[in-house]
Protein chains: 2
Amino acid sequence: MSVKRTSRDIRTANRYEVLRQIIAESPTSRQELAAATGLSLATVATLVGELLELRMITEVGFEDSAGGRPRGLVAVNASGGALIGVDIAETYVHVELFDLALNVLARAEEDVRPGESLPGQMVSHVAATVGSVVTQAGIEGARVLGVGVSVPGQVDRATGISEYAPNWDWHDVPLLDLLTEHIAYPLYLDNPLRAGAVAELWFGAARGRGDAVVVNLGTGVGAGLILGGGLHRGVSNSAGEWGHNTIVLDGRLCRCGNHGCVETYVGAPGIMLNLRESSPGSTLLHPEDQTATIAALAQGMLRQDPVAIKVVRDTARYLGAGIADLVNLFNPEVVVLSSWVAAALGEPLLAEVREAVARHALPRPMAATEIVLSTIPTDPACLGAATFALEGALQSVGQKSGKKRTTTVKNRMAPTS
Amino acid sequence: MSVKRTSRDIRTANRYEVLRQIIAESPTSRQELAAATGLSLATVATLVGELLELRMITEVGFEDSAGGRPRGLVAVNASGGALIGVDIAETYVHVELFDLALNVLARAEEDVRPGESLPGQMVSHVAATVGSVVTQAGIEGARVLGVGVSVPGQVDRATGISEYAPNWDWHDVPLLDLLTEHIAYPLYLDNPLRAGAVAELWFGAARGRGDAVVVNLGTGVGAGLILGGGLHRGVSNSAGEWGHNTIVLDGRLCRCGNHGCVETYVGAPGIMLNLRESSPGSTLLHPEDQTATIAALAQGMLRQDPVAIKVVRDTARYLGAGIADLVNLFNPEVVVLSSWVAAALGEPLLAEVREAVARHALPRPMAATEIVLSTIPTDPACLGAATFALEGALQSVGQKSGKKRTTTVKNRMAPTS
DNA sequence: GGACTTCGTAAACCCCCTTTCCTAACCCCT
DNA sequence: AGGGGTTAGGAAAGGGGGTTTACGAAGTCC
């Protein structure tokens, strides 16, 4: 019962691991890969062979080896395929098209006007934008390996239904089916929390870590959980809803209806409230504009503005308590601060958070945990969504296909992991 | 990197699964086992064969099968081995000797007097008690498969060092080495949180669940995490320290030095404080006796005492917020309330907690989660510790030993699980 | 007693990883 | 230029594991 593990999963995990490593350090040798992954040379060689045959990587020359036969080098074949990540957020839709080295080849960003949030409108919006990035990038459609879509709220991956999207009051929208009608590429659906976590796992600070927590600081707040080297989804794919954990019983009212949720103190609106409470008339405050306020705070930190310092410190105090909870519970190797608020406030916030977490967390788990900023430059939800597509493309490779690969086209489900 | 998974792990997990199932439903057939575990009949048959050869189970007759060959039945061979669980707690040491059906064959309980908490004293204490239960049960020593020891605080399993035990101010005590000098059986060391979780995973409400949280309510408070069908340890084996999560920022002072920890509200001393705050002169309060106070509260609930009802409701309110955090974060299938406070307050507490959690948790994860009381009748830390020993005995079975098993005695490390 | 049913073992097969062996490819030195 | 020496990497063998298939075993039913 519970979770069925098969030897195939091991293969898939190893394939991921090898490709991750190649992407991270692109001209690399089989020797290096074996050392980095802990796999035997033979296994690495066969996996590299698979990836070569898929044209995801190419041989790019040789490297001297102390006196013997030179090492063959392989690198990502950037043009070996394209991945599309779609980040459907509250107020915008980002679509990015990546090559296999995860460079952005084309990008489209559109605002969602308040009245346009019906599923049907959203879907045709997204479909049009996906089409436009493909042409914009000058890619043949056949090269698109898949499209990952990040949508807020709860997503049932098996059915592709957006069970609940808080912002637009969506209930049980069969999003995957709707998208399939307009988009011919393989589709992968999940939410931004998990997308961000997978992005960090593949390309960011969680790479090579067994246990990591990716803390998402945006308008909303949440955590993506990497446990045992893979994404933790929970039984109904809704793990990681950290934003509505209580840190101040009977505290501030949250949009979820409860009081004292983490989000009400460290989400962008919460930070604005922190600012308003500590210095009501501050010029840093842009009442109706979260982005501007957070940017103003960041500016303030640069010039050592005492108001900004106080607000960041207050915020870090809440954040520290909340993250300490995560450290105590999960005992992760690394906690990654991600999303736009973390990116905007950057190092100053990080320094305060580190201190605050150290005050709240137990010494032993704390000693084992590193707290870092995300190094992902673009929208992590986009990148993560694209990563789901990459994982999907890698999922069922090299299966029983006999000699003639084209004859036995198996009808495959979207990958479950 | 990260976590290395091998096909051997699959085998071990399946072995666990099959034995768990047999213990749970003791006269059972291979057919039933295959259906329950999802394994093929052939795999079940070989696994059952292994267990038979180990004499952990025996064939116990046949069962009619609709018109065909009767099914062979197997059952736990209770006398096929003995397991010892040691629960070293703040004020007492419990030692229980189990047969393979996990019945208690012998039990010893000794109080630890305040002055006797030096590691050396504790170790000889434990060793003597272990010896006494073995003779008391009339078991030959050879049949003891192992001794599991649960000790509070942080434990490094690789080195067997008790890194930090808060109650007695132990620092980096090489407990495993000390015990090895006195106890000849295989030893397994961990803390009560994880022991309780494993006990529930094997014999309790978490059996067959992929994701479960075992909430420990005693003097201290913590959570054991079952994720992906196995125990989650975290990077330094200290995951699950839920008791010091903040639910009331700047709330009650905790012994950990922080304020507003869950433990200060729902640990036994916290509950006493809840009582004292809501009705200072209550006769339910036994100032220096946690056990008596909790028992008095339980009695009060039975006769609908309004003071008791209020205290339990207050406690459940805190507990509800804390458990809701776990539900939101982990999205588990089941939350199990365990340990002596939960056992004492039982159903009335459970009812209040369910309600409180439902108020605080997000609807979607909440809908997928069941909250139940532990059904383990004895000390869960003892049972869990014994389970570690059972897992250890099962870990490296059927390995390459050629024909003559006795010649190739491999020197094996304690299992890392 | 034969036909039918069902259980459970044995053998064949597929997947995975590792170890071992051997050839390929390069260096250096004579 | 032609051997050693050295390292890379492919091929084959080997050890785990799980599943499918085939078949004998052990009953029931007619």
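Protein chains get the first letters and strands the later ones, always in sequence-line order, with residue 1 at the start of each.
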Practice problem: Nearest whole angstrom, please: distance from the P of C/dC17 to the CG of A/Leu47. | Solution: 6 Å
Quiz item: Centroid-to-centroid, A/Phe330 to B/Phe330, below 6.0 Å?
Solution: yes
Exercise. Ignoring the backbone of B/Ala45, work out which of C/dT9, C/dC16, D/dA11 is nearest its side chain.
Key: C/dT9
Quiz item: Among D/dG17, C/dA25, D/dA11, which nucleotide sits nearest the side chain of A/Ala42?
Solution: D/dA11
Quiz item: Closest to the B/Arg8 side chain: C/dT19, D/dG16, D/dG18?
Solution: D/dG16
Practice problem: Tell me what A/Asn14 touches on the nucleic acid: a base, only sugar-phosphate, or nothing, going by heavy atoms under 4.0 Å. | Solution: sugar-phosphate
Quiz item: Within less than 4.0 Å of OP1 or OP2 of D/dG9, is there a side-chain N or O belonging to A/Gln31?
Solution: yes
Practice problem: Test the B/Arg194-B/Phe388 pair against the cation-pi criterion, namely NZ or CZ under 6.0 angstrom from the six-membered ring centroid and within 45° of the ring axis. | Solution: no
Practice problem: Mind checking B/Gly72 for me? I need base, sugar-phosphate or nothing, with any heavy atom below 4.0 Å counting as a touch. | Solution: sugar-phosphate
Practice problem: May I have the distance from B/Asp64 (atom CG) to C/dT5 (atom P), rounded to whole angstrom? | Solution: 17 Å
Quiz item: Rounded to whole angstrom units, what separation is found between the CZ atom of A/Arg30 and the P atom of C/dA25?
Solution: 13 Å
Quiz item: Could you give the CG-to-P distance, from B/Asp9 to D/dG16, as a whole number of Å?
Solution: 15 Å
Quiz prompt | Under-3.5 Å donor-acceptor pair between A/Arg69 side chain and D/dA8 base | solution = yes
Self-check item: Presence of B/Ser40 side-chain N/O under 4.0 Å of D/dG18 phosphate oxygens OP1/OP2
Solution: no
Quiz item: In whole angstroms, how far is the P atom of D/dG17 from the CZ atom of B/Arg5?
Solution: 18 Å
Exercise. Please state whether the phosphate of C/dT18, meaning OP1 or OP2, lies under 4.0 angstrom from any side-chain nitrogen or oxygen of A/Thr43.
Key: yes
Quiz item: Between B/Arg209 and B/Glu370, does at least one N-O distance fall below 4.0 Å, as a salt bridge requires?
Solution: yes
Quiz item: Side-chain N or O of A/Arg71 less than 4.0 angstrom from OP1 or OP2 on D/dA8?
Solution: yes
